Amino acid sequence: MNCPLCGSEFEKADESKCTGCGKLHNCNKQCCPSCGYELVKEAKVIQLIRSLFK
């Protein structure tokens, strides 16, 4: 996954930088490990479509 703010590429989000959205489980956001920017996780359907067109 690429961060749209700083451009760094990462596989797993850094959960320690998450500010917390109030949800205890199944949060739909990820935090960039470099800058802490919160972005929405990509749906599995979108990941499948991207893998088909690579």
Side-chain angles (χ1 to χ4, degrees):
M1 180 172 252
N2 287 336
C3 176
L5 186 64
C6 69
S8 71
E9 188 173 330
F10 60 94
E11 289 295 321
K12 187 176 179 190
D14 185 7
E15 294 176 6
S16 66
K17 288 193 175 191
C18 186
T19 58
C21 59
K23 288 187 174 182
L24 296 176
H25 302 289
N26 298 329
C27 180
N28 198 27
K29 291 188 178 181
Q30 290 185 335
C31 295
C32 173
S34 297
C35 66
Y37 181 74
E38 293 180 353
L39 53 148
V40 178
K41 291 180 186 176
E42 212 172 53
K44 290 185 181 185
V45 169
I46 305 274
Q47 291 174 354
L48 175 67
I49 292 171
R50 283 186 196 267
S51 69
L52 291 174
F53 291 104
K54 277 192 173 183

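Predicted model only: the values in this text are computed from it and were never measured. Side-chain atoms are counted along with the backbone in the values below, which use heavy atoms only and exclude waters and symmetry mates.
Taken from CZ in Phe10 to SG in Cys3, the straight-line distance is 6.0 Å, to the nearest 0.5 Å. A distance of 13.5 Å separates NZ in Lys44 from CD1 in Ile46, rounded to the nearest 0.5 Å.
Closest of all the heavy-atom pairs between Cys32 and Leu39 is N-CD2, 4.4 Å.
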